[in-house]
Amino acid sequence: MKRMVSVLVLLIFAAACVFGAGQREADPDTLRVGMVTDAGTIDDKSFNQGTWEGIRQAQQDLGVQTRYLRPSGETEADYVAEIVNLYDAGYRFVVTPGFKFETAIYIIQQRYDDLKVVLLDGEPRSQDYESHVGPNTVAIYYAEHESGFLAGLATALQLKSGAVGFIGGMEIPPVQKFNWGFQQGVDYANSNHGTNVTVSANNVIYQGSFTDVPAGQQIAATMYDRGVKAIFAAAGGVGIGAINEAKSRAASGEEVWIVGVDVDQYEEGVYADGKSIILTSAMKEIGNSAYAMIEAELNGEFPGGSILTFDATNDGIGIPAENPNLSADVERVVFEVLEKMKTGEVAVQDSSAGLIP
Amino acid sequence: MEYVVEMLNIRKEFPGVVANDDITLQIRPMEIHALLGENGAGKSTIMSILFGMYHADRGEIRVRNKKVTISNPNDATDLGIGMVHQHFKLVENFTVTENIILGLEGSQVLNRKRAAERIQALSDQYSLKIDPYARIDEISVGMQQRVEILKMLYRNADVLIFDEPTGVLTPQEVHELMQIMKDLIKEGKSIILITHKLKEIKEAADRCSVIRRGKLVGVVDVKDTTEKQMAAMMVGREVSFKVEKEPRTAGEIVLDIQQLNVQNARKYRSVKEFSLQVRAGEIVGLAGVDGNGQKELVEAITGLCTIESGHILINGKDISSLSVRRRNETGLAHIPEDRHKHGLIMDYTVAENMVLKTYYHPPYSNYGVLNEKAIAQHAAKLIELFDVRSGRGAFTPAGKLSGGNQQKAIVGREIDMDPDILLAVQPTRGLDVGAIEYIHKRLVEQRDKGKAVLMISLELDEIFNLADRIAVISNGELIDVVDTSETNEEEVGLMMTGYKRGTA
Amino acid sequence: MKRIPDALLMAMAAVLLGLIAGALLMLAIGSNPFEGYYYLFRGGLMNMQRVGNTIALSTTLILTGLSVAFAFRTGLFNIGAAGQMLIGGLCATTVGLLVPLPRPILLVVMVLAAMLGGALWGSVPGLLKAKFNVHEVVATIMMNWIAYWVVYYFVPAYLKGQFLETESRVLPAASSLRTPWLTDLFNGAYLNMGLFIAIAMIIIIRFLLNRTTFGYELKAVGSNRDAALFAGIQVNRSIILSMVIAGGLAGLAGASFYTGYSANIQIGVLPIQGFDGIAVALLGANNPLGVLGAALFFGLLHAGKGFMNAMTGIPPEISDTIIATIIYFTATSLLIGRALDYVVRRKKKGGK
């Protein structure tokens, strides 16, 4: 036993020397961009992945160094610890996806004045919920209602008639805005394009978490059984459950759809022969905004201290450029309306007035 | 052919122990060859080697003058060697036939009828009186043992190993077993009888190999050797069997059991209307075949189970609803049957075990805090007094003691409590002659000090040796209480099967 | 006595084997294990803040480890430390948020509430075991999920913050176990007064187990229930009390975690520390001092892995796997050691 251990140690030592020789030193001049993931994994086909893809794109185009870390828990302490890890490793630019980082960033921005922080979908807040965006921090919000509007519009146009539904994760503003925008998009199609698509109150459900996959599956099944044709799932892992349900139904010949959220979820919905149950996705161009901030930093134009909103006017939201499940006509109408949103001709409200909350 | 089985110069070592050191065993055809030794002497090891469960480090095995390698029990079976294990290996809800052909059924289409016929024939040939269609759980322990024997015969074994075969039998059954063994050798079989009971060797065996501490001490012809001589060979010194005991008149009633009924875990009434008195200054021995209610009776007296009805009094005080601890404090001490399971905490040191029933009293603890010094001193005293031998004295974990020393520790602890009534259940089970002698002396000493002792034993020898009066239990009922001086083993043996005096 | 160094040696061998297994894994993905471990340990120790966070992570593990170890000494396998910890955290958070008291008294009440909550959660499996012989493994796992759903219901209903449905309001500084002088001493680390509770518990439990009649009874029940019964020890009472105390310890872990390390309690999460406590107890040979050592070791691994990720090419998923490998290797190698020991003893017994 002892001998085995010493032989192993020796082997590792030898191998370490060989592999160690191959390690290259980091170039001190290039910008190092770090990311800390939210509770999910890096390939969550959602926020983490979208952010990371933008950062990777910047690596390719702009030559920055990148790395992501995954916190061991979901407390402020865990988030702070990972950002400090990046800082101590020489990273001076950190992107954090999601409102859960709000209090952690509040602490970090005070502690490290040479660290640039991009907080997506939230703003730094003290524990008393007071907002303060430090001079080296940018907080970015998205016009979810506009994104939801386009998705609702596309859905109604494509389906022409029948019931559609909404599954939300937690009942928090970004998710709510998706819901409200989606309903307005459906209404817009009904009144301007002659469709007859309905959203009834019992088909609008907030599950209460972003993680409960089986619950998502169950809620989706209930809705489909009620005759709902398409579900807009803005619910993280709960949405994955809904997608799973749709896939198994589609595989057995039922015609059911899911409208994806945050990123283009088309691939997630593939069930057979490249066919996907993702009708379209209500996207936030998370990657784009991360990329834009990195680019700004490199150009010396980092808008520290500000709260930015990415919406139709700056291409911060939209539906995917390609939607294999939408007809060309539908896509054309949606992009026309998007242009109208940019000019202000079409306005989307970000409140629940007159809608199913 | 001079020898049917020869094991020559066998050596077997386990880490730290030489279990067999150059042992030579030679078994003649058609003899009953006893293998005598104390516990741990190496009997089981050498038989396990012969049966293919261990491999000898050195030495050779010859069967019918041919050198053989036995690497598993199947090899042994193929060579015609069979073993009747101490604990039977039978499936309770199978029939005799099914049990016997178990493991052989794969080679051909299962033919129960033909198998049963052959079993019947074998049974008749050796007068075993076995019904091939009886279910195992319906026949007696003695009969079950015969099924084990038949199993060997069915597999054409002609060398049969009996491992401590009499422990579970009534005296009558023991006697019958001896007769069966004699019949077997008449039919050409050879038998190895592993035992530490000298009387049985004397009764049945032709020759006897004595092993002590892994070494062969000698091989003797049984008819030319006395029990005392064999015991001396086994233990390595002179031993006395007869406990010196002055006659004494018993005093007041200490333990008074009145019309006790107890149900066992399966709601079966296993102690029935049982009444028994034990007086100060006497040893009452409770004889009975294992499983006839002794366990439940003990549990009822000690408070480990609730009674159905009746009363148990100690010095006139009804204890039948008191907790175990309160009973202990009322003057009851208990040497349990299974010292591993019930008597000691093997992970605890000897010192900690010595206060297992008294730790909560000063001086061993004050206000809930243990006084380690007092506990150690107490242990040192008892170790000295009761001759408990161990590697590191009071600080040896109890699990590291030998069986005899464990038992001495328990006896020491219980006697030290100065009980009015000492309940000794199988106090010498599995112990060697030396330890038995010692513990018997201590029990008699208690009696001589005017304490009451109730001893429950499956060994009639032990009961006759120690008890002033003998109570016999059968099927949960008290059959009779007799003075030891006015009865004999045959009569008690008969009572153990349920016959009352004078009715047989 | 001699048994302790044996356990220590075994634990150290286990850790070494675990680290070697982790090293092999790093090699397998083409990373340099020396570099990896160098940064792993630096990440946990290179400055006061990091030391503070390492100890903060260890604090919770000490308490859950003690909980599991304590129950184990009475022969009970407490898989329910996670649920007991969660309930403890819920009780402490509830008191901290809803009860207006001056800080010193409030903190004491919070900690007591956590202990009582955990104790209550532990008592149920204890009672079920004692009265109906329901196996405590099943019962404690069930209780974990009951705790999970209780928090799931209770937090949104009574402790909800202004915006978030999924976690309670943030505790005001006055009701946090974090204290400025400790935080400042360790440069903003999450080290908190839970540490003192943990140290006190190590001492108390050690004393309880080794020096009191109560500990004597519990251990007797743990190593030989029948013999304890024969000796007149109240076995059922011991089982219940043992689970109550184990639950109380896990409840304290909840207080230190949810009102010290964290400032609020989230729904939908069973704290992983409750399960890590099993590994801590196992590596620590169910001995309070061993638990301390094991908890510090695991705390160091958890605290340092992020820095290792940041400095080397080892992705977080791999480093989680490495830590899991170390945990499970240490756990199983102790079991393997025990199994070997058992086999050796069996063989020896065969000589009789």
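Order of the sequence lines sets the chain letters (A, B, ...), proteins ahead of strands, with each chain counted from 1.
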Taking atom CD1 of C:Ile272 and atom OG of A:Ser72, what is their separation to the nearest 0.5 Å? 10.5 Å

Go through it in stages, so that I can follow the logic: the residues are A:Arg111 and C:Gln49, the test is side-chain contact (heavy atoms from CB on, under 4.5 Å), and I'd like the CA-CA distance, side-chain angles, deciding distance and then a yes or no. CA-CA 12 Å; A:Arg111 200 183 292 172; C:Gln49 189 196 348; 2.6 Å; yes

Heavy-atom proximity to chain A below 4.5 Å, by part of C:Phe257: side chain

So what's closer than 4.5 Å to chain A heavy atoms on C:Tyr152: side chain, backbone, both or neither? side chain

Closer than 4.0 angstrom, basic N to acidic O: yes or no for C:Arg42 and A:Asp88? no

Flag if over 12 foreign heavy atoms under 6.0 Å of CD, A:Gln218: no

What distance do A:Arg67 atom CZ and C:Met311 atom CE have between them, rounded to the nearest 0.5 Å? 8.5 Å

Nearest-0.5 Å distance, CD of residue A:Glu76 to CG of residue C:Asn264: 8.5 Å

Tell me, do A:Val84 and C:Arg50 make a side-chain contact under 4.5 Å, heavy atoms counted? yes

Assess whether side-chain contact (heavy atoms from CB on, under 4.5 Å) is satisfied between A:Val80 and C:Tyr190, documenting all intermediate values. CA-CA 10 Å; A:Val80 169; C:Tyr190 287 82; 3.5 Å; yes

Nearest 0.5 angstrom please: C:Leu57 CG to A:Asp78 CG, how far? 7.0 Å

Donor-acceptor check, side chain of C:Gln266 to backbone of A:Glu74, threshold 3.5 angstrom: yes or no? yes

Minimum-distance pair of heavy atoms, taken over all atoms of A:Ala77 and C:Tyr261: CB-CZ, 3.4 Å

Straight-line distance of C:Phe307 CZ to A:Leu69 CG, nearest 0.5 Å: 10.5 Å

Is the number of heavy atoms from other residues, nucleotides or ligands within 6.0 Å of CE (C:Met46) greater than 12? yes

Do C:Asn309 and A:Tyr68 pass the side chain to side chain donor-acceptor pair (under 3.5 Å) test, and can you show the C-alpha distance, the side-chain angles, and the key distance before you say yes or no? CA-CA 8 Å; C:Asn309 296 154; A:Tyr68 74 89; over 6 Å; no

Go through the atoms of C:Met308 and report whether side chain, backbone, both or neither lie under 4.5 Å from a heavy atom of chain A. neither

